[in-house]
2 protein chains.
Amino acid sequence: MDLRQLRYFITIVHEKSYSKAAKILHISQPSLSNAIMKLEKEVSFQLLERNTRGLELTEAGGIFYTRSVDLLRRFNNMQVELEEMKQVGSGTISIGSIESFKFWFPKIIRNFKILYPNIHIKVKEVLGEEKVIDFLNQYNGHFTITNQPINNDEIMSIPLYNEKFILLVHKDDDLNEKGSITFQDLAGKELIISTTGFQTRDDILKAFKEENVNPNIFYEIERLETACSLVEEGLGVTILPESYIKSAVTPNTVIRAIDTNVLERTVYLAYLKDRYLSPAVCKLVEEIRSFFKM
Amino acid sequence: MDLRQLRYFITIVHEKSYSKAAKILHISQPSLSNAIMKLEKEVSFQLLERNTRGLELTEAGGIFYTRSVDLLRRFNNMQVELEEMKQVGSGTISIGSIESFKFWFPKIIRNFKILYPNIHIKVKEVLGEEKVIDFLNQYNGHFTITNQPINNDEIMSIPLYNEKFILLVHKDDDLNEKGSITFQDLAGKELIISTTGFQTRDDILKAFKEENVNPNIFYEIERLETACSLVEEGLGVTILPESYIKSAVTPNTVIRAIDTNVLERTVYLAYLKDRYLSPAVCKLVEEIRSFFKM
DNA sequence: ATATATCCATAGTTTAAAACTATAGAAAGG
DNA sequence: CCTTTCTATAGTTTTAAACTATGGATATAT
């Protein structure tokens, strides 16, 4: 049994066809037939049920498939690492991040570019714990900036900074008259909030719960920019992480603090504990950490 | 790059010699030289430093070695699983366990033998969290009985039962006169206890701490049987898990309860979450769980 | 109903690569 | 200085993975 056979097997399962898989693998169909037959003989199990039109995995085949995918992923990851070890000082650093990353990252990147002028940086939005774990495990990126601690043995989460949430209201909103705004004042307000699955939503709803106020959710959005626009149009109020202050400020909206101490989030940097990271990546992580230590 | 090359590379690293490794691998030395040269060419790194008398890993080689070992372990584990899927109803079940396992396991095994008469059971003593994790990860056993929860994402720990610790004293000991024994009474006593690294030691010392008593450790032992013998000889007192009651009772020793509620341990059953376990193993685990549910 | 296309299996052949043997060259030990 | 030990090189054999050609089965179209 070797990895070649596993790769073949996996491709067949994906394509549900020998001939299609053979094309993708750039080999002839009989070669593929042969390889799988040898594999089945070796493990002494039928892995695939070839019935009229279409293939199906047997029970053993299903287990075998799961293991094979995991094994091949690890093998590919090893090759990625080796590739990265070659290109010292050049190559690409891939980062997964939350939206607010853009507010502070440019300040760090300027310095870093002087040290490593040939490094290319790629940023992808990665939200939610599961997505973060997958992003790192698949070696899609070297590290992520996330707004929740990642609960996984193979992943290290380092807290970077805490930030409060602030309230964004239309300039004509009556809340604007009040000196101090509490959660009770938000009870009747039409609230604009992230859709389910986003951590900011959970953070905010948890705060409502802790303050014993029922949120009146009016509109659910995916991007916080949308929330800002809606407030601008006078369609409701929204709650944003502090770092959005600069970008949220427009002629018709006003930023207000909420008088509470339950509305705060921590932003983390997460990476795989036992992945080899190039000196450039380590340096960048170090820069980010020291930026927030001050 | 294929697993064959990784296997070759690993063997060379272990043997620190091409020719020795070639013998172990049952191939000729030039074949091995050739394989490694091709590997090095492919990854474009020198992996081994062949200097006069003896080999050394390069830095890249070291990282490569770690990954290779992990990959090969997983590959071998997959083959073990396949092998086990073949022998349904026969084969061997391997269990790692703490000492006190022997007190209750025979009661369960009798029933199990009727259901699966062809299954062979192998028990090995596996103590300490690290050893348990390793034992499971290396596929040395199907599950373990342990006296501490295993803190690992890939391992499931199920609590089986709680048991109190009891005090074993010599029949002439003055503690024997007392109606109720507290931790304060143990302050001056010469204590026989497990050596560092055993969970029973930690459990007992934690209780001393919580009761604000300084233990007077007189003798450190590896096996609890040794502790019993020492008490028998009148050399001190010891604290044992309850399940030892029957085996500890000898003419010259007396079992006493300690009046406290901080001296207790939980025994767990731990297994790898995503390992395939044969129906026989599942049944045995089920039997154990239901035995303690009553 | 018959033709056609699609799909996997089988047979035989070619080609690539992993093994082998024999041997050379370097370095350490007696 | 000779012997031993070790890895590398050269050339050959053997293994096995690829190929082409083709057959039989089944579903879809005419």
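The analysis underlying the following values was restricted to heavy atoms, covering all of them including side chains, and did not include hydrogens, waters or symmetry mates. Below, read A as the first sequence line, B as the second, and so on, with proteins coming before strands; counting in each chain starts at 1. Only a predicted model underlies this, so the values are computations on that prediction, with no experimental measurement involved.
Atom CG of B:L32 is separated from atom C1' of D:dA8 by 12 Å (rounded to the nearest Å). Rounded to a whole Å, the CZ atom of B:R4 is 11 Å from the P atom of C:dA17. Regarding A:E56, its CD atom lies at a distance of 17 Å from the P atom of C:dC7, rounded to whole Å. The interatomic distance linking A:D2 (CG) with D:dT15 (C1') rounds to 14 Å, in whole Å. Taking atom CD1 on B:I36 and atom P on D:dC6, their separation rounds to 17 Å, with Å as the unit. Taking atom CD of residue A:E49 and atom C1' of nucleotide D:dT26, one finds them 16 Å apart after rounding to whole Å. If you measure from atom CD of A:Q46 to atom P of C:dC8, you get 14 Å, rounded to the nearest angstrom.
At least one donor-acceptor pair closer than 3.5 Å links the side chain of B:N77 to the backbone N or O of B:N137. Of the possible donor and acceptor atoms, none in the side chain of A:E56 sits under 3.5 Å from a partner among the backbone N and O of A:E49.
Taking 4.0 angstrom as the limit, B:K20 places none of its side-chain polar atoms (N or O) nearer than this to OP1 or OP2 of D:dT5. Taking 4.0 angstrom as the limit, B:K38 places a side-chain polar atom (N or O) nearer than this to OP1 or OP2 of C:dA18. Taking only side-chain nitrogens and oxygens, B:S19 never comes nearer than 4.0 Å to OP1 or OP2 of D:dT5. Contact annotation: A:R50 reaches the phosphate of C:dA9 (side-chain N/O to OP1 or OP2, under 4.0 Å).
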For nucleotides 19-24 of chain D, give me every protein contact, N/O to N/O, under 3.5 Å, one pair per line with atom names.
{"unit_1": "D:dC19", "atom_1": "OP1", "unit_2": "A:S28", "atom_2": "N", "d": "3.4"}
{"unit_1": "D:dC19", "atom_1": "OP2", "unit_2": "A:S28", "atom_2": "N", "d": "2.4"}
{"unit_1": "D:dC19", "atom_1": "OP2", "unit_2": "A:S28", "atom_2": "OG", "d": "2.7"}
{"unit_1": "D:dC19", "atom_1": "OP2", "unit_2": "A:S31", "atom_2": "OG", "d": "2.8"}

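Atom OH of A:Y219 has 12 or fewer heavy atoms from other residues, nucleotides or ligands within 6.0 Å. Atom NZ of B:K102 is surrounded by more than 12 heavy atoms from other residues, nucleotides or ligands within 6.0 Å.
Remark: of the listed residues B:F64, B:Y18, B:F45, B:F64 is the sole one forming a ring-ring contact (aromatic ring centres under 6.0 Å, His included) with B:F9.
A:L82 is not listed as a side-chain neighbour of A:Y276, based on a closest heavy-atom distance of 4.5 Å or more.
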